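So the structure is just underneath, and the comments pick up after that.
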Amino acid sequence: MAMGMARERKPLAVALAVALLLGLCRGDVVQFIFGDSLSDVGNNNYLTKSLARAATPWYGIDFGSGMPNGRFCNGRTVADIVGDKMGLPRPVAFLDPSLDEDAVFKNGINYASGGGGILNETSSLFIQRFSLYKQIELFQGTQTFMREKVGAAAADKLFGEAYYVVAMGANDFINNYLLPVYSDSWTYTGDTFVKYMVNTLEAQLKLLHALGARRLTFFGLGPMGCIPLQRYLTSSGSCQESTNKLARSFNTQAGALVARLSETLPNATFQFGEAYDYFQDIINRPYMHGFNNSRAPCCTLGRIRPTLTCTPLSTLCKDRSQYVFWDEYHPTDRANELIAVETLRKLNITVVNNGTSS
């Protein structure tokens, strides 16, 4: 990683510290994003042994050059769009070789990793991925690095004024509790597993607060029982209501946790962002939202399903804007746009940039 190899340059460090302080006085802030494949912008592409990578066509076909960029989508993630509409810079992937102190100062960092979960054991079958605890550990390393480069005062102001996004939890169900190969699936009931997740999340959010996070949004889960993979596993092709029930239970308890932490942690403004009901309505009534398919993925190998990921051998739907889902797990760019806008509306956040740049 470039930041770990950078040599000490005291004049640059001083200049960055001054620029940082001036920038923050103007209100310029960055984001630090923690999440899974719904927020990953390239970290897993650098984890060469990972089985959860968006490194092949047709991922990224509607983003920039159209080449794979590590996003598990044809275009932008929800985190991309939310940040864009708030007028914030897009954070750099933590494992991006170009990442250095200047990039952290200007853009922040995205630690999200495909397959990542709140629980360390989640998605172990993918071999390589960053759990939330691991992402927080990497963030701690970033703090140490930035204090060495720009000084403690400037670095602490950067981290104290930043926005923090945490979007996790789906993999803990899809790639842990709901798979019998994991011990959690037979150790816990649905209720006790959700409680285990929320208790773990509480410790993680408190740790982020102790590390300086003051403005934090935790994104809840969508109707994960309606993703194409879950529907395919049913005989009728309908949503798996038992899986959706787990998502709703988690959202209820995580939302209460976030509200409680916002009230009790010093100087904390923690918010719970979700668009579960809205996303469910898109799936139930796609035509009312400008889609014609909310059941199948746009990128498939014809009748060979489930292929789990989009592959170079896959064929694409004729009009990607008409599909809610891109692959077996992830929404399309257009669906992400609608989900992001609804999430911002429910959070009462004013949109300052309505552009649709990729």
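For clarity, every value in this text was computed on a predicted model and none was experimentally measured.
In this structure, F94 has its ring center no closer than 6.0 Å to that of Y46. For an aromatic pair to be called close, the ring centres must be under 6.0 Å apart, and F139 with Y164 satisfies this. Aromatic ring centres of F72 and Y329 lie farther apart than the 6.0 Å criterion allows.
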**Prompt:** Can you list the steps and then say if I227 with T243 is a side-chain contact (heavy atoms from CB on, under 4.5 Å)?
**Reply:** CA-CA 10 Å; I227 65 174; T243 304; over 6 Å; no
**Message:** side-chain contact (heavy atoms from CB on, under 4.5 Å), that's the test. Do T77 and D80 meet it? Break it down for me.
**Reply:** CA-CA 5 Å; T77 69; D80 283 331; 3.3 Å; yes
**Asked** Are L211 and F159 close enough, and set up right, to give a side-chain contact (heavy atoms from CB on, under 4.5 Å), and what steps lead you there?
**Response** CA-CA 8 Å; L211 293 172; F159 296 118; over 6 Å; no
**Request:** Please test S113 against N44 for side-chain hydrogen bond (donor to acceptor under 3.5 Å, both in side chains), starting from the C-alpha separation and ending with a verdict.
**Result:** CA-CA 6 Å; S113 172; N44 276 29; 2.6 Å; yes
**Asked** Can you list the steps and then say if C310 with C299 is a disulfide bond (SG atoms under 2.5 Å apart)?
**Response** CA-CA 6 Å; C310 187; C299 187; 1.8 Å; yes
**Trace of the side-chain hydrogen bond (donor to acceptor under 3.5 Å, both in side chains) decision for D184 with T187** = CA-CA 5 Å; D184 285 350; T187 302; 4.9 Å; no
**Prompt:** Does the pair N292 and Y323 meet the rule for a side-chain contact (heavy atoms from CB on, under 4.5 Å), with working shown?
**Reply:** CA-CA 6 Å; N292 62 27; Y323 274 63; 4.1 Å; yes
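When atom types are taken as modelled, the side chain of R305 and the backbone of E328 share no donor-acceptor pair closer than 3.5 angstrom. Counting only distance, with no hydrogens or angles, the side chain of S123 and the backbone of G115 share a donor-acceptor pair below 3.5 Å. Under a 3.5 Å cut-off, the side chain of R295 and the backbone N or O of G237 do form a donor-acceptor pair. A donor-acceptor contact shorter than 3.5 Å is absent between the side chain of N110 and the backbone of P91. Judged purely by atom type and a 3.5 angstrom limit, R214 has no side-chain atom pairing as donor or acceptor with the backbone of T269. Using a distance-only test at 3.5 Å, with no hydrogens or angles considered, no donor-acceptor pair links the side chain of Q230 to the main chain of Q240. T343 contributes a side-chain N or O that, together with a main-chain N or O of I339, makes up a donor-acceptor pair within less than 3.5 Å. In this structure a side-chain-to-backbone donor-acceptor pair under 3.5 Å is missing from Q31 to N107.
Considering CD1 of I81 and CZ of R90, their distance stands at 8.0 Å, rounded to 0.5 Å. Note that CG of L257 and CZ of F250 are 8.5 Å apart. Values are rounded to the nearest 0.5 Å. The line from CE of M168 to CD of Q135 is 4.0 Å long, rounded to the nearest 0.5 Å. To the nearest 0.5 Å, atoms OH (Y59) and CZ (R53) are separated by 12.0 Å. Taking CZ of F272 as the start and OG1 of T252 as the end, the distance is 8.0 Å to the nearest 0.5 Å. Atom OG1 of T200 is separated from atom CD1 of I118 by 7.5 Å, given to the nearest 0.5 angstrom.
By the criterion of side-chain heavy atoms lying less than 4.5 angstrom apart, applied directly or through intervening Ile, Leu, Val, Met, Phe, Trp or Tyr residues, L38 is not grouped with L88; the two fall into different hydrophobic clusters. Two different hydrophobic clusters hold L179 and I127 under the rule that ILVMFWY side chains link at heavy-atom gaps under 4.5 Å. Residues V324 and L308 share a single hydrophobic cluster, defined by chaining ILVMFWY side chains whose heavy atoms lie under 4.5 Å apart. L344 and Y276 fall into different hydrophobic clusters, where Ile, Leu, Val, Met, Phe, Trp and Tyr are joined by side-chain heavy atoms under 4.5 Å apart, directly or via other members. V198 and F218 fall within a single hydrophobic cluster, where Ile, Leu, Val, Met, Phe, Trp and Tyr are joined by side-chain heavy atoms under 4.5 Å apart, directly or via other members.
A salt bridge links E202 to K206: one of the charged nitrogens lies within less than 4.0 Å of a carboxylate oxygen. Ion pairing of K134 with E137 is present here, as a side-chain N (NZ or NE/NH1/NH2) and a carboxylate O approach within less than 4.0 Å.
Looking at heavy atoms from C-beta onward, N199 lies in side-chain contact with K195 at the 4.5 angstrom threshold. Side-chain atoms of C73 and N336, non-hydrogen and from C-beta on, do get closer than 4.5 Å to each other. The closest side-chain heavy-atom distance from R320 to D333 is not below 4.5 Å. Between L229 and P297 there is no side-chain heavy-atom pair separated by less than 4.5 Å. Taking the side chain as every heavy atom from C-beta outward, L301 and S314 approach each other to under 4.5 Å. Between I283 and R231, some side-chain heavy-atom pair lies under the 4.5 Å cut-off. With a 4.5 Å cut-off on side-chain heavy atoms, L178 and L246 count as touching. Side-chain atoms of E337 and R76, non-hydrogen and from C-beta on, do get closer than 4.5 Å to each other.
Ring pair F270/H209 is perpendicular by interplanar angle, where above 60° counts as perpendicular and below 30° as parallel. In this structure, Y196 and Y188 have parallel ring planes: the angle between them is below the 30° cut-off, well short of the 60° mark.
By the side-chain contact (heavy atoms from CB on, under 4.5 Å) test, D277 is found to be paired with no residue, residues two or more places apart in sequence or in another chain being considered.
Between M146 and L158, the shortest heavy-atom distance links the atoms CE-CD2, 4.1 Å. Heavy-atom minimum distance, P89 versus K106: CG-O, 3.3 Å. Taking each heavy atom of Y133 and A203 in turn, the nearest pair found is OH-CB, 3.6 Å. For the residue pair P312 and W58, the shortest heavy atom distance occurs at O-NE1, 3.9 Å. Between R285 and H289 the shortest heavy-atom distance is O-CD2, 3.3 Å. Taking every heavy atom of both residues into account, V82 and A340 meet most closely at CG2-CB, 3.7 Å.
With no hydrogens or angles considered, no side-chain donor-acceptor pair links T189 and D191 at under 3.5 Å. For the residue pair T332/N74, the side-chain donor-acceptor check at 3.5 Å is not satisfied. N175 and N171 form a side-chain donor-acceptor contact under 3.5 Å, judged by distance and modelled atom types alone.
Remark: of the listed residues I33, I136, D40, T142, T142 is the sole one forming a side-chain contact (heavy atoms from CB on, under 4.5 Å) with Y111.
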